[in-house]
Amino acid sequence: MKKEFYITTTLPYVNAEPHVGFASEIVLADVRARFERILGKEVIFNTGTDEHGLKIWQKAREAGVEAQDYVDEYAAKFDDLKEMLELSYTNFIRTTDENHKKAAQELWKRVDDNGYIYKKQYKVKYCVGCELEKTDSELVDRYCPLHPGKELEIIEEENYFFKFSALQDKLLELYKNNPEFVVPNKRFNEIKSFVERGLEDFSISRLKTKMPWGVPVPNDDDQVMYVWFDALTNYISTLGWPGNQENFEKFWGTVDAPNAIQIAGKDNLRQQSAMWQAMLLAAELPTSKQVFINGFIGVDGQKMSKSIGNVISPTEMVENFGIDGTRYLLLTKGTFGEDNDISWEKMTAKYNADLANGLGNLTSRVIKLSENLNLEIEKKEIIFDEASIKLVESFDLDKVLENIWLIVREDNKYIEDTKPWELAKNNEDEFKKVMKKLIEDLNFISELLIPFMPETSEKIKKALETKERVILFERMR
RNA sequence: CGCGGGGUAGAGCAGUCUGGCAGCUCGUCUGGCUCAUAACCAGGAGGUCGCCGGUUCGAAUCCGGCCCCCGCAACCA
């Protein structure tokens, strides 16, 4: 079995505060990364920030600051997530990093050398009122929603295009040869039918005079790369590609044995499982091994949005539930790949039931009962069984946690049945026997929790050692 | 006939691929317990599985039709 493991999240675009959907994505990746380390793999866990493009350029100008200063500030905010959610990522790539820009240019050259890039007239609709380009999807009734009735101008400019259409067969072959290339299956079906319907080439550059905030196109001073082409390259630039070929093959893999696991939200299905793979194929590089597509998070049945005012941020969650509480809630909010629904009310209920009353209270009970005992504990070596490993590999982490919580229930019942507080008074031997099982179970739980809730795992171990009472999760009103 | 997802107990969901007693968590009701974070344990109530039809010994599950809700519709992270 290969000893190296590679996983990457998508790179969030730095024009807003970190979104809880991204927090969920990166926590899932974190658990997987920690898990693979336990299995003895050398892990590269990549994340970072996507920092080029029109929106950022505009925002920086509005704020009256240099674009680089603007993205520096935001990139730091995203890097803060590491501490906030106790993440174990090894790489944090920024698309404004010099080595990344060079990699993006090299990828461009290879795609170009293989004949997949050409120049074409590109028509854009331009709203004079906003002084902005508008896409069809932004229009309402053929007009700009901010300036209804005002005819849009058609501007033509020459852009570079990527021959996405020429990669259709290769993509379909990739999908055919890898029946689990995209998970869950329904998303795989979606992208397959999208590709089968036929692909259109897309523009991958912008005129520098209009939008200079991007990676310069090789051998053309007038154009910069369109943000997607640049940003997607991060997954390999983070490995030192193209300079460090050895590292690249070790982690990203080879054409015969791809090794990269990607995780993304469903809004990224096309970009990650079709566009990016097509770019790799065009450059004759190995594709990803597997792309996991997560659903969206809604609040009380509604879309989470600023205009509705129901946004739940990861920062607020950590303030309320702590690091591991937040990790637990994000991991157990529902089935991977489905849209999940959250709310403060539901999260508080789950937090109280599972963490405070469940694991937390059990720990208190056991610690208190074992206060005056000195027992030899058998440390269990086995961490996860085959079934659990399978669940982790398909990101069904909620089910793994559910199984761990079965032990919590079982032990609560065991305490109820054996009444150790009575045994302590009249049956020393039996008391020791009962406590031995409970302590071993709790120790076992703490082992199992390492990838999911590293801090809690440590706290339980420490409590078992020192016999000092500990409130793992304060009950909420 | 644009593409896709969903409709299962008061709430949130699993189960549908591969047909076999309708399940989980929360809430609720009743009882028990006192080691523990007003925590814990047991038992109960609660569902025409969106609707109609078909296949089958048997359908939440397979097939056909319909209704309702929600995303996306390509260069938008």
Side-chain angles (χ1 to χ4, degrees), chain A residues 10-16 19 22 49-56 95 122 124 133-138 159 161-162 164 184-187 189-191 193-194 197 199-206 226-229 231-232 264-272 274-275 295-296 298 300-303 332-335 337-343 345-346 348-350 352-371 396 398-399 402 405-406 408-409 411-424 435 438 469-476:
Chain A
T10 52
L11 299 198
Y13 201 60
V14 290
N15 66 343
H19 189 276
F22 177 67
T49 40
D50 178 6
E51 309 185 357
H52 287 123
L54 183 65
K55 287 200 173 164
I56 286 166
T95 58
Y122 172 52
V124 266
E133 289 177 16
K134 296 282 166 179
T135 60
D136 284 338
S137 56
E138 284 178 297
N159 280 170
F161 275 70
F162 175 57
F164 198 28
N185 203 256
K186 64 182 178 189
R187 297 268 102 90
N189 290 336
E190 196 175 329
I191 198 66
S193 66
F194 167 72
R197 254 177 281 143
L199 300 172
E200 276 179 36
D201 298 345
F202 58 89
S203 155
I204 51 171
S205 74
R206 288 292 182 271
Y226 179 63
V227 63
W228 273 116
F229 194 94
L232 290 167
K266 69 179 184 182
D267 54 333
N268 258 271
L269 176 66
R270 284 178 194 176
Q271 292 86 334
Q272 306 304 331
M275 288 161 65
F296 278 169
D300 271 329
Q302 282 183 303
K303 190 173 170 175
T332 58
K333 64 188 166 24
T335 310
E338 300 293 329
D339 286 353
N340 297 148
D341 199 69
I342 63 171
S343 70
E345 200 188 341
K346 274 181 278 189
T348 303
K350 193 160 181 60
N352 279 336
D354 295 357
L355 299 178
N357 301 349
L359 180 63
N361 184 49
L362 177 70
T363 304
S364 289
R365 298 178 91 176
V366 174
I367 296 299
K368 173 75 182 183
L369 285 165
S370 65
E371 240 170 13
D396 289 318
D398 55 320
K399 298 192 175 65
E402 223 175 276
W405 254 255
L406 287 180
V408 174
R409 282 167 191 279
D411 282 355
N412 267 326
K413 182 168 165 51
Y414 184 69
I415 294 176
E416 212 65 34
D417 291 347
T418 55
K419 302 193 194 314
W421 58 92
E422 282 179 12
L423 295 175
M435 290 314 297
L438 288 172
R469 277 191 66 208
V470 59
I471 300 289
L472 294 179
F473 302 96
E474 200 80 49
R475 196 186 149 82
M476 297 177 74

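Computed from a prediction, not measured in an experiment: that's the story for all the values here. Within every chain, numbering begins at 1; the chains are lettered A, B, ... in the order of the sequence lines, protein sequences first and strands thereafter.
- Using a 4.0 Å cut-off between a side-chain N of Lys or Arg and a carboxylate O of Asp or Glu, A/D339 and A/K266 qualify as a salt bridge.
- Note on A/G360: a base of the nucleic acid sits closer than 4.0 angstrom, heavy atoms only.
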Convert the base pairs of RNA chain B into dot-bracket notation, remembering that pairs crossing earlier ones are written with [ ] and that bases paired across to another strand are shown as |; include only Watson-Crick or G-U pairs under 3.5 Å. .(((((((.[[[[.)....(..]]]].(((((.......))))).....[[[[[..)....]]]]])))))).....
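- With hydrogens and angles ignored, no donor-acceptor pair under 3.5 angstrom links the side chain of A/E338 to the base of B/G6.
- A/K186 comes within contact range of the sugar-phosphate backbone alone, with a heavy-atom separation under 4.0 Å but no base atom that close.
- For the pair A/E345 and A/K350, the salt-bridge criterion is not met [side-chain N within less than 4.0 Å of a carboxylate O].
- Heavy atoms of A/K350 sit nowhere under 4.0 angstrom from any nucleic acid atom.
- Nucleic acid contact class of A/N361 (heavy atoms, under 4.0 Å, all strands): base.
- Rounded to whole Å, atom P of B/C40 lies 18 Å from atom CD1 of A/I367.
- Residue A/A356 is in base contact, counting any heavy-atom pair closer than 4.0 Å across all strands shown.
- Residue A/L472 is classed as a base contact, given a heavy-atom separation below 4.0 Å to a base.
- Where A/W421 and A/A353 each meet RNA chain B at their nearest nucleotide, the meeting point lying more 5' is that of A/A353.
- Of the candidate nucleotides B/A39, B/U34, B/G12, B/A39 has the atom nearest to the side chain of A/R475.
- Mapping A/K399 and A/S203 onto RNA chain B by nearest heavy atom places A/K399 closer to the 5' end of the strand.
- A salt bridge does not link A/D398 to A/K333: none of the charged nitrogens lies less than 4.0 Å from a carboxylate oxygen.
- In this model, the phosphate group of B/A14 is approached by a side-chain N or O of A/T335 to a distance below 4.0 Å at OP1 or OP2.
- For the residue pair A/N412 / A/R365, a side-chain donor-acceptor distance below 3.5 Å is found, with atom types taken as modelled.
- Side-chain proximity of A/R197 to B/C3, B/C26, B/C35: nearest is B/C3.
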